[in-house]
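Just so it is clear, the values below take in all heavy atoms, side chains as well, and ignore hydrogens, waters and symmetry mates.
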Amino acid sequence: MELSKRDFSILDALDSREITTQRELAAHAGVSLGQVNYVLKSLLEKGLVKIGNFHKSPRKIGYVYQLTPKGIEAKMSLAGKFMMSKLEEYHDIREKLADKLRRVGEGTECRILFVGPSLIGGLLDSIIKEEGLKMTLAGHCSDLEDLRNHIHGSFDVALLFEGNGQKLKSAARSSGLPEEKLCSIW
């Protein structure tokens, strides 16, 4: 039986809290009410979810959606698959970033200023250290506006999270940096 990420979201929401309406389920699972209705019907047919009696409901609805033992098993199996999938994606992205950093540094001592999300900056810093690259993350700024505030001599290359050829040229003009000092991370 093939289940999707959407199915997992719904199974996970049902496993982690008491849910008595499809609207509640949609809010907790992060999917639309229409998707909940469609997926819930499928999960009920597959025997992964059941509707149980719940007489003490403050809303006086009298039922609650529950995972069956088969549903709990399916959720655990999906969790493992999704975790492996995400770890593989992370590994691939990390390798691409490491390759890019190697090309940027080209084996020489290099100070990098990262322009983009701090989460990615932290990842770049850990890659530099773990790979033993001859470079340092000299600083971080969140956007191109912030780039203007950095002393140009404090870094050798500004690595931009967002940027293609046109954006790099624009960033060079607005920051006063030579284009060769700017590089896209991708």
Side-chain angles (χ1 to χ4, degrees), residues 1-101 114-127 130 137 139-147 159-164 166-168 170-171 184-186:
M1 129 183 42
E2 192 65 32
L3 296 173
S4 69
K5 183 175 181 178
R6 186 177 50 195
D7 296 326
F8 175 75
S9 297
I10 290 173
L11 290 170
D12 189 45
L14 288 172
D15 192 32
S16 61
R17 58 193 47 87
E18 187 176 276
I19 298 194
T20 59
T21 70
Q22 290 185 13
R23 191 170 305 283
E24 270 184 275
L25 185 53
H28 289 296
V31 297
S32 73
L33 188 56
Q35 288 176 331
V36 164
N37 186 282
Y38 174 79
V39 171
L40 202 50
K41 282 180 184 177
S42 171
L43 296 175
L44 283 163
E45 288 172 8
K46 292 175 183 173
L48 303 178
V49 173
K50 67 180 180 179
I51 299 175
N53 290 328
F54 188 65
H55 298 292
K56 296 180 183 177
S57 173
R59 294 187 189 91
K60 307 285 188 227
I61 292 174
Y63 66 88
V64 64
Y65 293 101
Q66 300 172 322
L67 290 185
T68 64
K70 188 176 173 183
I72 293 169
E73 187 178 315
K75 180 203 160 210
M76 289 185 333
S77 174
L78 280 172
K81 288 177 186 175
F82 289 137
M83 182 181 292
M84 286 305 299
S85 171
K86 293 298 177 188
L87 287 172
E88 287 170 2
E89 285 177 27
Y90 171 80
H91 178 74
D92 291 346
I93 289 171
R94 190 185 178 293
E95 283 303 309
K96 286 178 184 177
L97 291 174
D99 289 343
K100 181 65 175 195
L101 288 170
F114 177 65
V115 182
S118 60
L119 183 65
I120 305 299
L123 178 59
L124 292 173
D125 194 36
S126 73
I127 291 170
E130 289 170 18
L137 188 61
H140 168 260
C141 54
S142 57
D143 54 34
L144 292 173
E145 286 293 319
D146 202 15
L147 178 60
L159 194 56
L160 283 78
F161 182 70
E162 294 180 13
N164 54 23
Q166 201 61 4
K167 194 154 190 169
L168 290 175
S170 172
S184 171
I185 198 170
W186 309 113

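- Residue Leu25 forms a side chain to side chain contact (heavy atoms under 4.5 Å, CB included) with just one option from Val39, Leu40, Val31, and that option is Leu40.
- Summarising the geometry of Leu124 relative to Leu159, their closest heavy-atom pair is CD1-CD2, 4.1 Å, with the distance given to 0.1 Å.
- Residues passing the side chain to side chain contact (heavy atoms under 4.5 Å, CB included) test with Ser118, sequence neighbours excluded: His140.
- The 12-atom threshold is exceeded at CG of Leu87, counting heavy atoms of other residues, nucleotides or ligands nearer than 6.0 Å.
- Side-chain atoms of Ile185 and Leu160, non-hydrogen and from C-beta on, never get closer than 4.5 Å to each other.
- Heavy-atom neighbours of Phe82 CZ from other residues, nucleotides or ligands within 6.0 Å: above the threshold of 12.
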Side chains of residues 6-13: which donor-acceptor partners sit under 3.5 Å, not counting sequence neighbours?
residue : atom : partner : partner atom : Å
Asp7    : OD2  : Ser4    : N            : 2.8
Asp7    : OD2  : Ser4    : OG           : 3.3
Ser9    : OG   : Lys5    : O            : 3.1
Asp12   : OD1  : Lys75   : NZ           : 3.3

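- Counting all heavy atoms, side chain and backbone alike, Glu24 lies closest to Thr21 at N-OG1, 3.0 Å.
- Legend: residues meeting side chain to side chain contact (heavy atoms under 4.5 Å, CB included) with Lys50, ordered by chain and number and at least two apart, are Gln66, Thr68.
- Listed by chain and residue number, nothing satisfies the salt bridge (charged side-chain N to carboxylate O under 4.0 Å, His left out) test with Glu88 (two or more places apart in sequence, or in another chain).
- Proximity of Leu3 to Lys46: side-chain heavy atoms (C-beta onward) are separated by under 4.5 Å at one or more points.
- Remark: Gln22 pairs with Asn37, Tyr65 by the side chain to side chain donor-acceptor pair (under 3.5 Å) rule, at least two apart or across chains.
- Annotation: the span from Leu137 atom CG to Phe114 atom CZ amounts to 8.5 Å, rounded to 0.5 Å.
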Could you list the donor-acceptor pairs under 3.5 angstrom formed between side-chain atoms of residues 89-97 and any protein atom two or more places apart in sequence or on another chain?
residue : atom : partner : partner atom : Å
Arg94   : NH1  : Glu131  : OE2          : 3.4
Arg94   : NH2  : Glu130  : OE1          : 2.3

